[in-house]
Amino acid sequence: MQQENNRNLVIFIVASLLIFGVYYWFVMRPIELQRAAAARAAAESQVSAEGVGPAPGASSSDSPSAYVDERTALARSARVPVRTPSLTGSVSMTGGRIDHLYLNDYRVTLDDPATVELLRPEGMEHAYFAYVGWLGQNIEGLPGPDTQWVLRSGTELSPGHPIVMNYDNGQGLTFTRTVAVDDQFLFTITDRVDNNSDRSVTLAPYGSIQRRGIPDDLGRQPIVHEGAIGVFGDQLHQSKFPNWEDEDEAEEYAGEGGWVGITDKYWLTAFIPEQDERFEAQFRTAERGGVRTFETAYQSRTWVIPAGRSATETVHLFAGAKRNEILTAYGEELGAPRMTDAIDWGMFWFLTKPFFTVLEFFYGLVHNFGVAILLLTVAVKLVLFPLANKAYESMSRMRMLQPKMEEIRERFKDDPAKQQQEIMAMYQREKVNPLAGCWPMLIQIPIFYSLYKVLTVTIEMRHAPFFGWIRDLSARDPSNIWNLFGLIPWDPASAPLVGGLIGVSHHVGGITLALGVLSLLYGATMWLQTQMNPPPTDEMQRKIFAMMPILFTFIMAPFAAGLLIYWTWSNILTIIQQYVIMHRFKAENPIDTFIERLRQKKDA
């Protein structure tokens, strides 16, 4: 009896932690973050940022009341258009900033033809840009974010057609900058410094990526890293937006080789310096005029340039989608370590990376990401088959022993010690270990979490269709029980007061009472699973377990359709495997019971 209670206790603890964990991260945590952000905004704290490169300065456009539209912001500076198969935008002659980029192959939503905006110029709300410059003590007029460069050659930046710009600081130093771009997401920035003065100068190149405020939903997903990221030497360092926002001092790093930047769930902007050089970097933040600036900055090796001599420094800028094969290719080409770790593989990376490789393989075969998810789930189930078989056999034996256990409890209800002794003797006679069905299931938790992680962070699932009404596996199931899954021509979101709760948003996350087809299927399969497991002996545990399918139906409803397909299909495979074992052992189960009732009705 003690072992059975231990088994039930372990199951209860795991289930409770899972429920409370999901509730905290997807309900309470967003509320806490919103309150903290509001408190900081009210305080209008001023945070200084000093260290690598110049600190981000305040400008008139830092005030929310001074925001302008894109056309006005672009008109403030001379520009060179950027046109590649993957990117469209422009480079500003002010600071030589790369600050205006759209990703040609990615749309904002399936119903919005606009392409995803990656970088936007200063002056607009949520400005996001990158630039490089030079530092030197007691030297005036060095290139920085506001330097006015002069275009010398090139009318358009495109693959095979670089642009060249020039700047003379009036102190004997001439800077020539060449910017090239490939057909994907890589810019190559080469600065040549000619020292025409009569003395030696000491200069250090630096680069900065800045975001002037971020959208409210950015960095709020607990399972996905969004914020500062960098590899220094071979060490990966990250700072998520909410945590980064709370930093009072800059985070400083250094290493030989690596890269540094800012990442979203699917997109990355990062500087990749020369890999044979040691560089220093910072993650820093400052708030001015009610707008918080998030910045990652690096400073490369120091150059001593004698009079009449020159120096050349090259840095690469990645600005694009975090596709595994593209990051891998750039990492190999540039010798940059761990480029693919810009994708948030999580703490179980040794599982998520192989899972992603298998998922890509299946997608290459079937050309449907939803079907690839189904095949991956089958593959994982096959690998775990022996382990799961052992667990389900133990559960079947335990279920068969339920009548005998109830008989022992009834016979020795006034003698708990004798009751426990008889139950343990029964376990020994029947060669049943009550914990054998529990521990194999616990071992599988990291595996299923890793699959969840892969399906959450992979860009391949974004806007990928499945079948029927599922047009985007990365969005919520658009069907809704409140309009009978589309049979009633009414949008539940238009309902007064409760429209926000019963309407379906295509964005993942949030609290909802809207149940789609997939969430209902998930809840039904979870209920059937619980019915096939041995019922807990404790009445309170039995009630909790009975409520879990209903609770999780609502909890999982806001998740991406691809995740619900995976979870539901995994439940179905588990039910099939468990039923075959229970049927073989002739253990009572709800499927056989249902079939028997149908047979009896037919005979009657």
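In what follows, every heavy atom counts, from backbone to side chain, and hydrogens, waters and symmetry copies are set aside.
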Atom pair CD1 (I272) and CZ (F279), whose distance is rounded to the nearest 0.5 Å
10.0 Å
d(L563 CG, Y566 OH) to nearest 0.5 Å is 9.0 Å
Hey, what's the ring geometry for Y449 with F348, parallel, tilted or perpendicular (30° and 60° as the breaks)?
perpendicular
On the 0 to 90° scale, with breaks at 30° and 60°, tag the F559-Y452 ring pair as parallel, tilted or perpendicular.
tilted
Just by distance, do the side chain of S519 and the backbone of G516 share a donor-acceptor pair under 3.5 Å?
yes
Main-chain N/O of V517 paired to S479 side chain as donor or acceptor, under 3.5 Å:
yes
Check R323 with D105, please: is the shortest side-chain N to carboxylate O separation under 4.0 Å?
no
Okay, side chain of R79, backbone of L74: is any donor-acceptor separation there less than 3.5 Å?
yes
So Y330 and H316, do their side chains get closer than 4.5 Å, heavy atoms only?
no
Of all the heavy-atom pairs spanning P162 and T178, show the shortest one and how long it is.
CB-CG2, 4.1 Å
Between R211 and T269, does the side chain to side chain contact (heavy atoms under 4.5 Å, CB included) criterion hold? Intermediate values first, please.
CA-CA 11 Å; R211 299 194 77 153; T269 305; over 6 Å; no
Any ion pair linking K453 and D344 (charged N to carboxylate O, less than 4.0 Å)?
yes
Atom pair CD (E274) and CD (E313), whose distance is rounded to the nearest 0.5 Å:
6.5 Å
Are the side chains of F466 and I565 in touch, meaning some heavy atoms are under 4.5 Å apart?
yes
So, taking the atom named CE in M461 and the one named OG in S474, what distance separates them when rounded to the nearest 0.5 Å?
6.0 Å
I'd like to know if the side chain of T328 and the backbone of N324 have a donor-acceptor N/O pair within less than 3.5 Å.
yes
Take the angle between the ring planes of W149 and F175 and call it parallel below 30°, perpendicular above 60°, tilted in between.
perpendicular
Within the side chain of N104, is there an N or O that forms a donor-acceptor pair under 3.5 Å with the backbone of P85?
yes
Please collect all side-chain hydrogen bond (donor to acceptor under 3.5 Å, both in side chains) contacts where either partner lies in residues 345-368, sequence neighbours excluded, each pair once.
D341-K353
When you check the gap from the basic side-chain N to the acidic O, do R284 and E295 get nearer than 4.0 Å?
yes
To the nearest 0.5 Å, what is the distance between CZ (R152) and OG1 (T176)?
8.5 Å
Would you say that I343 contacts F356 through its side chain, given a criterion of any heavy-atom pair below 4.5 Å between the two side chains?
no
Nearest 0.5 Å, please: how far is OG1 in T109 from CZ in R471?
8.5 Å
Kindly indicate, with the supporting measurements, whether the criterion side chain to side chain contact (heavy atoms under 4.5 Å, CB included) is fulfilled by V457 and I223.
CA-CA 9 Å; V457 303; I223 195 173; 5.9 Å; no
Taking atom NE2 as the centre, does H126 end up with more than 12 heavy-atom neighbours from other residues, nucleotides or ligands that are less than 6.0 angstrom away?
yes
Any side-chain donor near an acceptor of the partner, T72 and D69, under 3.5 Å:
yes
With ring centroids as reference points, do F241 and F294 lie under 6.0 angstrom apart?
yes
For Q275 versus P337, what's the shortest heavy-atom pair and its separation?
OE1-CD, 3.2 Å
Evaluate the ring planes of F283 and Y253, with Trp represented by its six-membered ring, and classify them as parallel (under 30°), tilted (30 to 60°) or perpendicular (over 60°).
tilted
Using only atom types and a distance under 3.5 Å, with no angle test, would you say the side chain of T525 pairs donor to acceptor with the backbone of Y522?
yes
Is E287 salt-bridged to R292, cutoff N-O under 4.0 Å?
yes
Close side-chain approach of T88 to T115, heavy-atom, < 4.5 Å
no
Whether the side chain of E226 engages the backbone of K265 through a donor-acceptor N/O pair (distance < 3.5 Å, no angle test) should be reported.
yes
Go through the steps to decide whether Y298 and V132 satisfy the test side chain to side chain contact (heavy atoms under 4.5 Å, CB included), and finish with yes or no.
CA-CA 9 Å; Y298 82 92; V132 297; 4.2 Å; yes
Do V454 and L351 have side chains that get closer than 4.5 Å, going by heavy atoms?
no
Please check this pair: side chain of E156 against backbone of V82, looking for a donor-acceptor N/O pair closer than 3.5 Å.
no
Taking C-beta and beyond as the side chain, do M556 and L564 meet within less than 4.5 Å on heavy atoms?
yes
What I'd like to find out is whether the side chain of L455 reaches to under 4.5 Å of the side chain of F355, using heavy atoms alone.
no
Looking only at the side chains, is there a donor atom on one of Q148 and T94 sitting less than 3.5 Å from an acceptor on the other?
yes
Could you walk me through whether Y131 and D99 pass the side chain to side chain contact (heavy atoms under 4.5 Å, CB included) check?
CA-CA 8 Å; Y131 65 89; D99 63 353; over 6 Å; no
Any side-chain to backbone donor/acceptor pair from D477 onto L518? Under 3.5 Å, distance only.
yes
Correct closest heavy-atom pair for I470 and L473 would be CG2-CD2, 3.8 Å
Over all heavy atoms of both residues, which pair between A514 and W482 is shortest? Give the atoms and the distance, please.
CA-NE1, 3.9 Å
Can you list every salt bridge (Lys or Arg N to Asp or Glu O under 4.0 Å) pair that touches residues 176-186, not counting sequence neighbours?
R177-D191
Between L268 and A342, what is the shortest heavy-atom contact and its length?
CD2-CB, 3.6 Å
Between T263 and W267, is there a donor-acceptor pair closer than 3.5 Å when you use the side chain of the first and the backbone of the second?
yes
If every non-hydrogen atom of W569 is compared with every non-hydrogen atom of L374, which pair is closest and at what distance?
NE1-O, 3.0 Å
Cation-pi between R120 and Y128: NZ/CZ under 6.0 Å from ring centre and within 45° of the ring axis?
no
Does L186 reach the side chain of L334, with side-chain heavy atoms less than 4.5 Å apart?
yes
With ring centroids as reference points, do F318 and W259 lie under 6.0 angstrom apart?
no
